[in-house]
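The structure displayed is predicted, hence computed values, not measured ones.
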Amino acid sequence: MPSALVSTEIVIGTLILIAAVVLATTYLRRRYIAGGLPLTLCAMRPAGTDRWRLGLIRFGDNALEWFTLGGVSLRPRHRWVRQRLLLDAPVHLGGADAIPVLPDAYRVPCTDGGDDFELALQGPDYTALRSWQEAAPPGYNVNVA
């Protein structure tokens, strides 16, 4: 029969192994999701709710994709096409509306067709989103004068 010390060592070793697997899975998932495209931390909330959900946002060639921060899914939870996405003026989040993980963030009301939602981004990330939304990928609308 193993002693209490050996049992404790087995439990601690198992916990360390589980923590290492979780960290490795999170790191590899983030690397796979990025796939060479810009990826940033962002919060999203659908219209009519008060709860912000943290996630990762990826600026694709013609779509903006939002992934949940936790979990193992490699598919985006939300996908918005660039041509249909409308961004309103940003509003600084402060006081009771502030998100602790995103200090100095801006709330950006967005519309995609009939779907209304809000994104919370830090200043430089909002600038990147606005630039991405206004730009066109190479070869898109080439014949426009």
Side-chain angles (χ1 to χ4, degrees), residues 6-145:
V6 173
S7 298
T8 304
E9 290 173 349
I10 291 173
V11 169
I12 291 174
T14 303
L15 292 175
I16 290 172
L17 180 64
I18 290 171
V21 167
V22 167
L23 289 174
T25 302
T26 301
Y27 173 77
L28 292 173
R29 177 181 179 258
R30 188 200 171 282
R31 295 280 299 188
Y32 182 81
I33 287 173
L37 297 171
L39 187 71
T40 188
L41 184 64
C42 170
M44 192 271 300
R45 77 174 166 191
T49 63
D50 292 334
R51 183 173 175 239
W52 289 101
R53 296 195 54 185
L54 284 177
L56 299 170
I57 201 161
R58 177 171 68 182
F59 304 105
D61 291 337
N62 65 350
L64 186 67
E65 298 174 329
W66 187 84
F67 298 84
T68 57
L69 190 60
V72 294
S73 176
L74 300 175
R75 291 184 172 179
R77 178 68 55 101
H78 298 283
R79 186 173 190 273
W80 304 289
V81 178
R82 181 194 314 241
Q83 290 77 19
R84 291 191 331 222
L85 184 63
L86 300 174
L87 304 176
D88 288 340
V91 178
H92 189 267
L93 284 175
D97 292 336
I99 301 171
V101 179
L102 295 170
D104 200 34
Y106 291 89
R107 177 180 58 86
V108 183
C110 304
T111 303
D112 179 39
D115 186 24
D116 294 336
F117 59 95
E118 294 177 327
L119 297 175
L121 299 155
Q122 291 182 331
D125 298 329
Y126 168 72
T127 303
L129 174 65
R130 180 63 76 175
S131 297
W132 171 87
Q133 202 266 340
E134 293 174 354
Y140 185 77
N141 286 340
V142 174
N143 296 324
V144 175

Sequence neighbours excluded, which residues qualify as side-chain hydrogen bond (donor to acceptor under 3.5 Å, both in side chains) partners of Arg77?
none
Evaluate the side-chain proximity of [Y] to [X]: yes if any heavy-atom separation is below 4.5 Å, no if none is.
{"X": "Asp125", "Y": "Tyr106", "result": "no"}
{"X": "Arg58", "Y": "Leu64", "result": "no"}
{"X": "Thr111", "Y": "Asp115", "result": "no"}
{"X": "Asp88", "Y": "Val108", "result": "no"}
{"X": "Leu119", "Y": "Tyr126", "result": "no"}
{"X": "Arg107", "Y": "Asp97", "result": "no"}

Pair Leu86, Cys110 - check side chain to side chain contact (heavy atoms under 4.5 Å, CB included), show working.
CA-CA 6 Å; Leu86 300 174; Cys110 304; over 6 Å; no
May I have the list of side-chain donor-acceptor pairs in residues 41-55 shorter than 3.5 Å, sequence neighbours left out?
from, atom 1, to, atom 2, distance (Å)
Arg45, NE, Glu118, OE1, 2.5
Arg45, NH2, Glu118, OE1, 2.9
Thr49, OG1, Pro46, O, 2.9

Begin from the C-alpha positions of Leu74 and Phe67 and carry the test side chain to side chain contact (heavy atoms under 4.5 Å, CB included) through to its verdict.
CA-CA 8 Å; Leu74 300 175; Phe67 298 84; 6.0 Å; no
Shortest non-hydrogen contact from Ala89 to Pro109?
O-CD, 3.5 Å
Can any side-chain N or O of Arg30 pair as donor or acceptor with the backbone N or O of Leu39 at less than 3.5 Å?
no
Any sub-3.5 Å donor-acceptor pair from Glu65's side-chain atoms to Gly60's backbone N or O?
no
Report yes or no: is the cationic atom of Arg79 (NZ for Lys, CZ for Arg) under 6.0 Å from the centre of the six-membered ring of Trp66, at an angle within 45° of the ring normal?
no
From OG1 (Thr40) to CZ (Phe59), nearest 0.5 Å
6.5 Å
Straight-line distance of Leu87 CG to Leu129 CG, nearest 0.5 Å:
5.0 Å
For a quick check under 3.5 Å, do His92 and Asp104 share a side-chain donor-acceptor pair by atom type?
yes
Tell me, with the steps shown, if Leu102 and Leu121 meet side chain to side chain contact (heavy atoms under 4.5 Å, CB included).
CA-CA 7 Å; Leu102 295 170; Leu121 299 155; over 6 Å; no
List the atom pairs, with distances to 0.1 Å, where a side-chain N or O of residues 13-27 and a protein N or O form a donor-acceptor pair under 3.5 Å, not counting sequence neighbours.
from, atom 1, to, atom 2, distance (Å)
Thr14, OG1, Ile10, O, 2.8
Thr25, OG1, Val21, O, 2.7
Thr26, OG1, Val22, O, 2.9

Kindly indicate, with the supporting measurements, whether the criterion side chain to side chain contact (heavy atoms under 4.5 Å, CB included) is fulfilled by Thr8 and Ile12.
CA-CA 6 Å; Thr8 304; Ile12 291 174; 3.8 Å; yes
